[in-house]
Amino acid sequence: MGHIGRFGKYGGQYVPETLMGALYELGEEYAKVKDDPRFTRDLAAYQTGYAGRPTPLTFCENVSRELGCRLYLKREDLVHGGSHKLNNTLGQALLAKHMGRKRLIAETGAGQHGVATAIAGAVLGLPVEVYMGEVDTQRQALNVFRMELMGAKVISVKSGTRTLKDAINEALRDWVANVRDTYYLIGSVVGPHPYPLMVRDFQSVIGMETKEQVMKKEGRLPDTIVACVGGGSNAIGIFYPFLHDDVELIGVEAGGKGIESGEHSATLCAGDAGVLHGTLSYLLQDGDGQVLPTHSIAAGLDYPGVGPEHAMLKDSRRVTYTAVNDPDVLEAFSFLSRTEGIIPALESAHAVAYVMKNADQFDSRDIVIINLSGRGDKDVAEVSKMQGGT
Ligand SMILES: *Cc1c(COP(=O)(O)O)cnc(C)c1O
């Protein structure tokens, strides 16, 4: 394997021979389409007219006063569907259409990526089939209903542990068998090349807008940008346009019940190099290379791998990766709701928790931007239950 699709030593294409042709073609097609004005105009039209972009950069007067800095939120919670996920699914679904593909397939764990794919398929008129472990279809029955409501077919996977890992295997099997007419839509900056690069490009709209908006409001770049990291797509989306600027970048992973407890999803903080789902990156694994079980209060962060570009940015120290634990996340969830009237997704509350815990490091003139990757409506029932409500 050459240097194709590498981020430093990470990334690459660790897949069976049967998929190499399909990945090669995808990489070529994407390279062609990416700067084609017919594609970029089409995508921009859906981003503005349908998804609700550009999203606001909201100055939070109350939080700023309480924490002693100038705090802004990049409002990806206001994207149609309630999170940044549609930035990617719209981009890839449109690419599939430009490639003449007739059908989208995806895999989903908690169901959020499946729902975002169903939205993109519905609006672009492409049939969608979503692979989901049987256990997950039961845990996330409402997301199954949402997907079906939008015309997607949910395929309940009954092999293995009946969770995300098995759903990925089934989706890959489908892709190998139907590669001519099927587009496999991956939900984060993970998987083999060209996915990490493509998904990063589609999510970079977050950072490009942020840069323009902060320059307009403050006349200078921010001091710090903070984002939560699951697979890493919302984080790289806001970081990428700032990588060569003098801006501190902080990625916050799910510390779960504490890194020492073993019950967490802090891949970059606690993992090491290994291959998962076709890419070389950091990975939570035991001494024999077996993937470890993960935990997070936020379903969207509950993944044992992470995008290869983040692995490179960790090693080069351009980005600082850290973790916060579930209790701090719950506190941040209530804090932002109470202080600004904005209920964050539990995933995004990780980034809020980091800023709360490190508030003493900021000066009152420091500009801090949190990527608010999603809204918390999906989480209120569960948080209410945890707090003894109904
Ligand atoms: C899925 C999700 C995440 C985690 O995915 P990344 O690829 O790390 O961005 C974070 N926040 C929200 C709201 C999500 O839905």
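Predicted, not measured: the structure shown is a model, and the values here were computed from it. All values below come from the heavy atoms of this structure, side chains included, with hydrogens, waters and symmetry mates left out. Every number for a ligand or one of its atoms is a count from 1 in the order of the listing.
- Near A345, meaning under 4.0 Å from one of its heavy atoms, ligand 1 places the atoms 13 (C).
- Remark: ligand 1 atoms within the under-4.0 Å shell around heavy atoms of G374 are 13 (C).
- With hydrogens and angles disregarded, no donor-acceptor distance shorter than 3.5 Å links the side chain of D366 to the backbone of F362.
- For the residue pair D302 and T294, a side-chain donor N or O sits within less than 3.5 Å of a side-chain acceptor on the partner.
- A salt bridge links E170 to R173: one of the charged nitrogens lies within less than 4.0 Å of a carboxylate oxygen.
- In summary, D245 and K211 engage in a salt bridge, as defined by a charged side-chain N under 4.0 Å from a carboxylate O.
- Under the salt bridge (Lys or Arg N to Asp or Glu O under 4.0 Å) test applied with E309, the options K314, R318, R200 reduce to a single match, R200.
- Where the criterion is an N or O separation shorter than 3.5 Å, residue side chain and backbone included, G187 fails it with respect to ligand 1.
- For H84, the heavy-atom gap to ligand 1 drops under 4.0 angstrom.
- Closest to atom 6 (P) of ligand 1 among all protein heavy atoms lies S233 N, 3.3 Å.
- Residue-level proximity to ligand 1 for K85 is carried by the side chain, the only part with a heavy atom below 4.0 angstrom.
- Panel note: side chain T108, backbone G114; a donor-acceptor pair is recorded below 3.5 Å.
- Put simply, the side chain of K257 never gets that close to the backbone of H295: no donor and acceptor are under 3.5 Å apart.
- Between S188 and ligand 1, at least one pair of N/O atoms sits closer than 3.5 Å.
- With ligand atoms numbered from 1 in the order given, ligand 1 contributes 10 (C) to contacts under 4.0 Å with heavy atoms of C228.
- Close approach to G230 involves these atoms of ligand 1, each under 4.0 Å from a residue heavy atom: 8 (O).
- With ligand atoms numbered from 1 in the order given, ligand 1 contributes 6 (P), 7 (O), 8 (O) to contacts under 4.0 Å with heavy atoms of G232.
- Remark: side-chain polar atoms of R75 are not paired, donor with acceptor, to backbone N or O of L78 under 3.5 angstrom.
- For the 3.5 Å distance criterion, the side chains of E66 and N62 fail to qualify, holding no donor opposite an acceptor.
- Of the protein's non-hydrogen atoms, G300 O, 4.0 Å is the one closest to atom 5 (O) of ligand 1.
- Residue S348 has no nitrogen or oxygen atom sitting less than 3.5 Å from a nitrogen or oxygen atom of ligand 1, judged on distance alone.
- Contact annotation: for S373 versus ligand 1, heavy atoms closer than 4.0 Å belong to both the backbone and the side chain.
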